[in-house]
There are 2 protein chains.
Amino acid sequence: MKKKITLKQIAKELEVSISTVSKALKNSEEISTDTKEKVQAFAKLHNYKPNNVAISLKNKRTKNIGVIIPDIVHHFFTTVFRGIEQYANKLGYNVIVCVSDESFDKEVINMEMLANGSVDGFIMSLSAGTQRKNDFNHLKEITEQGIPIVLFDRTTKEINCDKVLIDDREGAIKAVQKFIKNGRKKIALVTTENYFSVSNAREAGYREALANADIEIDEHRILKLPNMEVDENAIHEFFNSNEIDAVLCVNEIFAIHCMNLVQKKGIRIPEDISFIGFTDGILSKYANPGLTAMAQHGVEMGEVAAKMLIEKVEYVSDDEEEETYQTKIIESTIIERGSTIN
Amino acid sequence: MKKKITLKQIAKELEVSISTVSKALKNSEEISTDTKEKVQAFAKLHNYKPNNVAISLKNKRTKNIGVIIPDIVHHFFTTVFRGIEQYANKLGYNVIVCVSDESFDKEVINMEMLANGSVDGFIMSLSAGTQRKNDFNHLKEITEQGIPIVLFDRTTKEINCDKVLIDDREGAIKAVQKFIKNGRKKIALVTTENYFSVSNAREAGYREALANADIEIDEHRILKLPNMEVDENAIHEFFNSNEIDAVLCVNEIFAIHCMNLVQKKGIRIPEDISFIGFTDGILSKYANPGLTAMAQHGVEMGEVAAKMLIEKVEYVSDDEEEETYQTKIIESTIIERGSTIN
DNA sequence: TATTAACGCGAAAACGATTTCGTAACTATT
DNA sequence: AATAGTTACGAAATCGTTTTCGCGTTAATA
């Protein structure tokens, strides 16, 4: 077992000082060509690589980014993560992921673990627990220590930091407009209870688009499901007691459930009823018929978030001037499939 | 901006030495109760938390685990990662993920980045590129430095280290046996070209199970698709020209495609034809009818891998004795849904 | 009263690197 | 020959901890 070699050991072997070795390896002008060659050759031979931890301590910069997401077994977050990882890696950063599991407590613990020197900054999407509790002190404390945070998708106005958002309202508007263009008037919305800012924005877009088209909003055509364990009966009841010719769903799962159920009744998609679902994922692609979806471009979102964070991290502040934060919007686009009329 | 406080600053404020502060915070017997209380109160007030980097340098242990996987936007790897992250986090470890993107070069670069002190050990699944190249020197070098590696799913016998595998052959056998128990005899296999060891193992299991049941193997009942962009016509042709009453698919996507197509023909699932698909993922769960699946238990796999790694990392070797490595098999189990008869 | 023991604390080394500053030994200049 | 200027290197501080060892003060023992 040949442990990694250190500057000290090289110095001893070559009977020079540690400083000389360090400088020689950096090709410093200060060192004679002879010595440099000797040192570099020896270092290469023993495959010397500087110890990251020591460098981190010295530089007070880890070149690590902390990513905290509610769930990793989730297509959207995975996609965003991919974008972050790709961009960060290109600039020599590594990514430490922690999963908050939608829990406020875990989110806090994870952030505290990483904030003590393990990372230079955070990219995160708030857990459901945090959003429900509406408590952001853990974020506040970290930004106050000068550690930058970039919030994406599930954000809050309570914290002053860079943000990357999806234009959920706009996305919903686009979807509803498509329905209307196809001649649909009885447009339903299947959404979650109002925990998530995301769902709220989508609902707002839904209402706005209908209002703009002078279509009266029938509150009965809005179904709010309490969680992801979809209650078949609720859906059944919903479609039985309402005239509906188009459905916007705030996520794939709701859409798939509704489509399956509606088809069982013998209603045809898209002839009798159209569907659009939020977040283009694997379910939309392989549904039967394919589910027309509002794509969220997670990879791009991750890249943008990583770019913003790294800029903040590497920016040497002139100390005095106020920090300035931006919010970037990633546009969602519609992916047309069989569940709507082309 | 209140930067994190250090021992040095506490020491200066309280007019004691750094050592005293350090010991006081560790509740050392050496320090008087008075001093301890004073120090601890002050530390709590200023929310002192030791700097992880400094501790890592001192201990020569980072409490970080490096995970290198070919792809993160992939349900199985995500699931395994979840298991790793969960277990590791419970023991106070953080996880740094790098995606090799199926590329040998990226795998090497990622490992080298992390091997210079950033992590205490690796958990990884080999990239397609590495498997094709059959070059494992990067792994060898790292193990020679005394950094432990745990390989999962895509492994190699070339490297002597802990491994976690899935019993793909056994899984296929179980699936075929279920068909047979349901009285099916004309059992088809839909698989990939023989690039992946995984598919090969599953095919072997398929053949073995049929042979054991004295069912002759009809090679026409084996469909090999060249890639994931499924060719509808090939499937069409396959089901038209063969009598089939049960289908084992080596992945969800093939299964979903086949099921959709078969249903379009008016064939009923599971009455006329049964389906079982490999790797229980989101598609299986939300298919209509639900797809009976061979679950791979990725989370468990991740947990086992993390457990094995951490044991190696924390084990203080008696230096002289030989290291001993294990290979654990994670059994796949059948998840019954609507695509088979119960 | 003299010796030993216990107590409470600080100095310093160590982890592995970078970087500033000082200086000995030459070389060049006048 | 005396001074100034290079050249090539080393000592030491620093990043933030932990930990060993030493030492002065007080209390306990003979």
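Just so it is clear: chains get the letters A, B, ... in the order the sequence lines come, proteins before strands, and each one is counted from 1.
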So, are A/R82 and B/D101 salt-bridged, with charged N and O less than 4.0 Å apart? yes
Indicate the ring-plane relationship of A/H74 and A/F77, choosing parallel, tilted or perpendicular according to the 30° and 60° boundaries. tilted
Which pair of heavy atoms, one from A/E107 and one from A/H138, lies closest together, and at what distance? OE2-NE2, 2.8 Å
What's the CG-C1' distance between B/L25 and D/dG16, to the nearest Å? 13 Å
NZ of B/K4: more than 12 outside heavy atoms within 6.0 angstrom? yes
Is there a residue in residues 31-45 of chain A whose heavy atoms reach under 4.0 Å of DNA chain D, and which residues are they? A/I31, A/S32, A/T35
Rounded to 10 degrees, the angle between the two terminal axes of the helix from C/dT1-D/dA30 to C/dT30-D/dA1, each from five pairs: 70°
Footprint string (nucleotides 18-26 of chain C, 5' to 3'): B base within contact, S backbone only, - free, heavy atoms under 4.0 Å: BBBB-----
Do you know which of A/L309, A/V150, A/I123 makes side chain to side chain contact (heavy atoms under 4.5 Å, CB included) with A/I84? A/I123
Is it true that B/E303 and B/K90 have a side-chain N and a carboxylate O under 4.0 angstrom from each other? no
Pick base, sugar-phosphate or nothing for A/V53, based on heavy-atom distances below 4.0 Å to the nucleic acid. nothing
C/dG16 phosphate, OP1 or OP2, under 4.0 Å from A/K4 side-chain N/O: no
